[in-house]
Amino acid sequence: MTRPFYLTTAIDYANGDPHLGHALEKIGADVIARWHRLRGEPVHFLMGMDEHGQKVHQAATAAGSEPGPWTDAISERFNTTWHRLHCSHDDWMRTTEPRHTRAVTALLERIQATSPSHLFQGEYEGLYCVGCEEFKQEGQLVEGKCAEHPSADLVPTRERNTFFRLSAWRDDILASIESGELRVEPAIRRNEILSVLRSGLQDISISRSRLPWGIPFPGSVDETVYVWFDALINYLSGTGYPDEGWDTLWPADLHVVGKGITRFHCIIWPAMLRAAGLPMPRMVWAHGYVQWDGAKVSKSEGTAVSLDEAVDRHGADALRWFLMREVGFEADGDFSFERFDARYASDLADGLGNLASRATAMLVKYRDGVVPESPPPTTLDDAAMALTQEYVTAMSTLALRDAAAAIGRLVSEADGFVSASAPWALAKAGDDDALDAVLAALARTLLRLALMAAPFMPEKAGALWAALGQHGGPEGQWARAERPEMAGMTVIKPENLFPKS
RNA sequence: GGCUGGGUAGCUCAGCUGGUUAGAGCGCACGACUCAUAAUCGUGAGGUCGGGGGUUCGAGUCCCCCCCCAGCUACCA
């Protein structure tokens, strides 16, 4: 059996509601997962929640609740939201689940066994930011506050706890990233990490005393595992670790994370794995942030852009499209309803949707919906083939925005082809051969478009797929985008794929 | 302060190792068509390529200085 493509998103911190910033990451990862399934590869796609730590404890308490019920409710809300956005994760990992706790304990014990000197006792004193769940250095402060959480006070804290010898792994990790054993993309993120590594690493504290809401530190009575150390291990618990068979999924092929947490994923996490004698993940992709009129929409200082409102606007698929096509999965990008509306109208309603309508309407009108026998090539087939190749290249380098753009260009090519060949004139003139050639080429192009759009807009692509007389789903059918064959198949005109209110 | 990216038409962005009148999409104006969700197609207007020097026969594309934006980082998490 082929080893599955194992990809993960970051697990979100259970202290608020899901918003657009979270959604970008989940959708981007979902597009990647669906792309692999489209090509017939087995996929294991993990998402989940990060539920331990001081901030969750505080949020629950402030809400007059207990951490347990509180995180149950939040976890449910997130997972429901992701399903509403058509995320196709195979598993949902909560760090409060026994299977995760077991994996954390097992990994720590394995580190202890493999690299005994890498866990040691120490004392730390510093200013702790509850929002970040980490200590801050003087130089990181802005007006005496944490730059990420200016509304919260920093807490002077002194703790005796367990340290992890992160510094020992600097050269190893540096070499791994430079050699490509651990790929860090896009390049700007890799440069940042390399620069951090070159300037040296500090050992880190990985336990917390006096904090009950966490996983008990193995061998200690009053310490819990530092929430970041805990959280990262979810990628391993998602494989079933330490039960037999976990290594059919590990190492992960791809961790999709936000640019703000690349260090945890590209330095601390690989070091943890190395210390345990386990392989590093193959790749970390750090996406940018969604901005709202230039302002950051973060998990912590969340700008109030209602995800529900955005979904209700034009539907989940349209939101997915907008985030991938305009906001992008690499650098930061802006979200606004004005831009969303414009994209919806031009790319989807007047673009893909209208093309599907006009092409299927002509097939029904002139040929009773039966795609005529008229093999390629036409000028449209040639253009479509080239764009299909561009799409493949873009998808395989995770240039999701470029891939989406290729879809838009194919729609334009097809519209131009219709105008240039004027099938209605061919019908009037009774030029059946020429009309057949045009209609057949359009049918092939719609099939391609349904397949290319499937990772981005699964519901709409599925509706188009069905209207083209295809059974089942597009999953596993990518080869047909490269050699589309539609002759003899019966198409119907679908309901408006993207209605204009 | 250091480092890394970026600053190209109103908006979103392409422009590899320097080479004819700087491109695309959206939006806008005008025209055409009628298969289609009043959709589509064509044409046009619109840019001193952040600013200033320099190298070159020739620079958006190389070098130097400056300005602005974003991020990372800085006498221990």
Side-chain angles (χ1 to χ4, degrees), chain A residues 122-129 132-140 147 157 159 161 163-164 166-167 186-208 226 228-229 258-260 262-264 267-268 286 288-289 291 294 296 322 325-328 330-334 336 338-339 341-366 401-402 405 408-409 411-428 435 438-439 442 493-501:
Chain A
E123 187 168 80
Y124 182 75
E125 179 176 8
L127 292 171
Y128 192 82
C129 173
C132 296
E133 295 286 7
E134 65 181 25
F135 285 94
K136 293 292 171 184
Q137 300 168 15
E138 294 280 329
Q140 287 180 283
T157 306
E159 282 191 359
N161 43 34
F163 279 67
F164 173 60
L166 181 65
S167 59
I188 179 175
R189 275 21 303 175
R190 180 170 60 247
N191 291 342
E192 282 177 9
I193 291 300
L194 289 174
S195 141
V196 171
L197 285 166
R198 287 180 184 124
S199 69
L201 295 178
Q202 303 294 329
D203 294 334
I204 58 170
S205 159
I206 59 164
S207 73
R208 292 288 180 271
Y226 172 45
W228 260 111
F229 208 84
K259 65 180 185 180
T262 43
R263 269 195 306 158
F264 291 96
I267 297 176
I268 298 179
Y289 291 144
Q291 304 197 319
K296 178 181 172 185
F322 181 78
R325 178 67 187 85
E326 172 128 346
V327 176
E330 187 166 334
D332 294 353
D334 250 17
S336 73
E338 191 182 4
R339 296 292 306 164
D341 292 347
R343 277 285 177 198
Y344 179 78
S346 64
D347 290 357
L348 301 181
D350 299 346
L352 180 58
N354 182 244
L355 175 68
S357 285
R358 67 192 308 207
T360 52
M362 286 189 284
L363 277 155
V364 169
K365 181 171 181 175
Y366 300 132
R401 176 188 221 155
D402 293 343
R409 283 164 60 205
V411 170
S412 293
E413 286 289 344
D415 275 328
F417 178 75
V418 172
S419 292
S421 48
W424 48 90
L426 298 173
K428 270 183 197 154
L435 182 55
V438 172
L439 296 176
L442 285 172
K493 184 177 171 184
E495 288 297 304
N496 278 2
L497 290 175
F498 303 98
K500 298 174 94 169
S501 56

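Below, chains carry the letters A, B, ... as their sequence lines are ordered, and counting in each starts from 1. Because the structure is predicted, anything quoted here is derived from the model rather than measured.
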Rounded distance in Å between the P positions of B:rC66 and B:rG23: 33 Å

Side chain of A:R358 (C-beta onward), nearest among B:rA36, B:rU37, B:rU73: B:rA36

Atom P, compared across B:rG46 and B:rC41: separation rounded to whole Å: 23 Å

Sugar-phosphate, base or nothing in reach of A:S199, heavy atoms under 4.0 Å: nothing

Under 4.0 angstrom between A:R190 side-chain N/O and B:rU4 OP1 or OP2: no

Minimum-distance nucleotide to A:F498 side chain [options: B:rG5, B:rU37, B:rC35]: B:rU37

Length of the CD-P vector between A:E338 and B:rC26, whole Å: 17 Å

B:rU48 versus B:rA9 - spacing of their P atoms, nearest Å: 9 Å

Side chain of A:K500 (C-beta onward), nearest among B:rA39, B:rC35, B:rC11: B:rA39

Residue A:R343, side-chain atoms from C-beta onward, closest of B:rU12, B:rA36, B:rU4: B:rU12

Separation between OG of A:S336 and CD of A:E326, rounded to the nearest 0.5 Å: 7.5 Å

A:R208 charged N/C atom sitting above A:Y226 aromatic ring, 6.0 Å / 45°: yes

Pairwise side-chain contact, A:M362 with A:V418, heavy-atom cut-off 4.5 Å (strictly under): yes

Pair A:F498-A:D350, side chain to side chain contact (heavy atoms under 4.5 Å, CB included): steps then yes or no: CA-CA 8 Å; A:F498 303 98; A:D350 299 346; over 6 Å; no

Candidates B:rG71, B:rA36, B:rG5 - which lies nearest the side chain of A:K259: B:rG71

Selected nucleotide, minimal atom distance to A:R263 side chain, candidates B:rU37, B:rU73, B:rG27: B:rU73

Sugar-phosphate only, base, or nothing, as touched by A:N496 at under 4.0 Å among non-hydrogen atoms: base

Main-chain N/O of A:P423 paired to A:S421 side chain as donor or acceptor, under 3.5 Å: no

Check: A:D332 side chain, A:Y289 main-chain N or O, donor-acceptor pair, under 3.5 Å: yes

Under-4.0 Å side-chain N/O to phosphate OP1/OP2 contact, A:K493 with B:rU37: yes

Rounded C1' spacing from B:rG50 to B:rC67 in Å: 7 Å

Selection from B:rA36, B:rC41, B:rG71 that lies nearest to any side-chain heavy atom of A:N354: B:rA36

Donor-acceptor contact present, side-chain A:S195 to main-chain A:N191, <3.5 Å: no

Euclidean distance, atom NZ of residue A:K428 to atom C1' of B:rU34 [Å, nearest integer]: 8 Å

Rounded interatomic separation in angstrom, taking CD1 from A:I267 and C1' from B:rU73: 11 Å

A:R189, nearest nucleotide to its side chain (from B:rA36, B:rG71, B:rU37): B:rG71

Separation of the P atoms in B:rG27 and B:rG42, to the nearest angstrom: 14 Å

Distance below 4.0 Å between A:R401 side-chain N/O and B:rC13 OP1 or OP2: yes

Which residue lies more 5' along RNA chain B, comparing A:I193 with A:K365 via nearest heavy atoms: A:K365

Student check: side-chain heavy atoms of A:S357 and A:K493 closer than 4.5 Å: yes

5' priority, RNA chain B, between A:S412 and A:Y366 [closest heavy atom]: A:Y366

A:D415, nearest nucleotide to its side chain (from B:rU37, B:rU40, B:rC35): B:rU40

Side-chain heavy atoms of A:F164 within contact of A:D203, under 4.5 Å: no

Atom-pair distance (CG on A:L352; P on B:rA36), nearest Å: 18 Å

Integer-rounded Å distance: B:rG2 P and A:R198 CZ: 19 Å

Residue A:W424, side-chain heavy atoms: nucleotide from B:rG71, B:rU12, B:rC33 that is nearest: B:rC33

Rounded interatomic separation in angstrom, taking CZ from A:F164 and C1' from B:rC76: 17 Å

Secondary-structure notation, RNA chain B, from Watson-Crick and G-U pairs under 3.5 angstrom (| other strand): (((((((..((((.....[...)))).(((((.......))))).....(((((..]....))))))))))))....

